[in-house]
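Presented below is the structure to which this report refers.
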Amino acid sequence: MNRLLTIEDLRVTYRSSRGEVPAVRGVSLALDAGRTLGIAGESGSGKSTIASAVLRLHPRSARIEGRVEVCGQDVNALSWGALRRMRWSDAAMVFQGAMHSLNPVLTIGDQVAEPVLVHRPTTTRGAAAHRVAELLEMVGLAAEHAHSYPHMLSGGQKQRVMIAMALACDPRLLVADEPTTALDVKVQAQIMRVLQNLAEELGLGLLLISHDLAVLSSVCDEVVVMHGGIVIEQGPGAELFANAQHPYTRALAGAFPTIGDPDSRYRPQGVGDDPASFEDPAAIREFLSRCAHDDGGCLVHRPEFARFALRDAPDCLRATELGILPADSETETAI
Ligand SMILES: Nc1ncnc2c1ncn2[C@@H]1O[C@H](COP(=O)(O)OP(=O)(O)O)[C@@H](O)[C@H]1O
Ligand SMILES: [Mg+2]
């Protein structure tokens, strides 16, 4: 089976003291073995919520609607035992800031061996040590680092250890949530290359999450751009960055300095909109309508946006011109 991850119309709502927070509002994605899918978007756009939903790691306060399938299994219908097996053997995760969660008083070898010994209880100590050496080498670390303590490693090396740990039980799907945040730019590029090479060599499906669209576009086969819990634009990585259709994607693409930019006066541009404003359906329509006034790009990528985009812009004929909406189509009032 080639399809590792299917997400269909996922909606995640947190119940909190502020009331209901709709963090993800109808996202559909698919990822095959050997492919890399990126989720880009600024903080608060719902990226980590999707990652949690894939491994059913969301808090009790979250209400999940829609379908998440990992290696053919409906994640939300799994028993606890099956979920536990799924989490290491089918899908594993490298968490945001995970390198800080290494235990300072245990060696790297002991920590990488733990998932192997827990999930494959028949493994002998010797076989586990052998597996640890193999995993460390897979992520570009010397096998001798098994004897090191976390404080002896750099940030980039620690993040490599976290990736080695995630791979301990041969998962087919790897979810990496902001794996390079808090690392310097050169190390970021190295870690991204490690992930990319592993995906290729092992034929993994890699779901890579980052706020940095430039980095994701250079690494991923396909990238989705999220804002306020919805997918704004989607396309092949390199193409999406170079030829962004939606104004928000363009703003995100311009939000990070390019290394070696010859124009020293270059200043990153902010993305502008506050995702929190997406609590208000009228704000969503306003945001989407900009594209209809612009060049209709988002209507091409996401025809379902048309009904929101057109509501306040009845004179915009772009969607009907494109044959996306019939001329007399109904508009809706809420997302
Ligand atoms: N446990 C939670 N309870 C209430 N709201 C939450 C919780 N986790 C995340 N959120 C809210 O959901 C939205 C999306 O968050 P998140 O998925 O972490 O975004 P990202 O990873 O893109 O920064 C944000 O508005 C955030 O404040
Ligand atoms: Mg996050």
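Start at 1 and go down the list; that is how both ligands and their atoms are numbered. We count residues from 1, following the sequence as given.
Heavy-atom contacts of S45 reach the following atoms of ligand 1: 19 (O), 20 (P), 22 (O) (cutoff under 4.0 Å). Using a 4.0 Å cut-off to heavy atoms of A23, the atoms of ligand 1 that qualify are 12 (O), 13 (C), 14 (C). Of all the atoms in ligand 1, the ones that sit under 4.0 Å from a non-hydrogen atom of E42 are 22 (O). Using a 4.0 Å cut-off to heavy atoms of P59, the atoms of ligand 1 that qualify are 1 (N). For ligand 1, the atoms sitting less than 4.0 Å from at least one non-hydrogen atom of S43 are 23 (O), numbered in the order shown with element in parentheses.
Looking at V21 next to ligand 1, no N or O pair under 3.5 Å apart turns up. Looking at ligand 1, you won't find any N or O of S61 less than 3.5 Å from one of its N or O atoms.
In this structure, V215 and M192 have side chains that are in contact, with non-hydrogen atoms separated by less than 4.5 Å. Here the side chains of Y14 and P59 are in contact, with some heavy-atom distance below 4.5 Å.
Around the Mg ion (ligand 2), the protein N, O or S atoms found under 2.8 Å comprise S48 OG.
Taking each of S48, G44, S52 in turn, the one with a heavy atom nearest to atom 14 (C) of ligand 1 proves to be G44.
The closest approach between a heavy atom of R18 and any atom of ligand 1 is below 4.0 Å. Using a 4.0 angstrom heavy-atom cutoff, R15 does not count as in contact with ligand 1. Note on ligand 1: G41 sits outside its first shell, no heavy atom being nearer than 4.0 Å.
Between E8 and S28, the side chains place no donor N or O within less than 3.5 Å of an acceptor N or O (distance only, hydrogens not considered). Using modelled atom types, one finds no donor on one side chain facing an acceptor on the other under 3.5 Å when comparing N103 with Q111.
For the salt bridge (Lys or Arg N to Asp or Glu O under 4.0 Å) test, no residue two or more places apart in sequence or in another chain qualifies with R85.
Put simply, CD1 on I108 and CG on L102 are 5.0 Å apart, with the number rounded to the nearest 0.5 Å.
Linking ILVMFWY residues whenever their side-chain heavy atoms come closer than 4.5 Å, directly or via other members, leaves W88 and V68 in distinct clusters.
When T49, I230, I50 are each tested for a side-chain contact (heavy atoms from CB on, under 4.5 Å) with V27, only one passes: I50. Exactly one residue among L153, V139, V187 makes a side-chain contact (heavy atoms from CB on, under 4.5 Å) with R160. That residue is V139.
Atom CD of Q190 has more than 12 heavy atoms from other residues, nucleotides or ligands within 6.0 Å. Within a 6.0 Å radius of CZ in R15, other residues, nucleotides and ligands contribute more than 12 heavy atoms.
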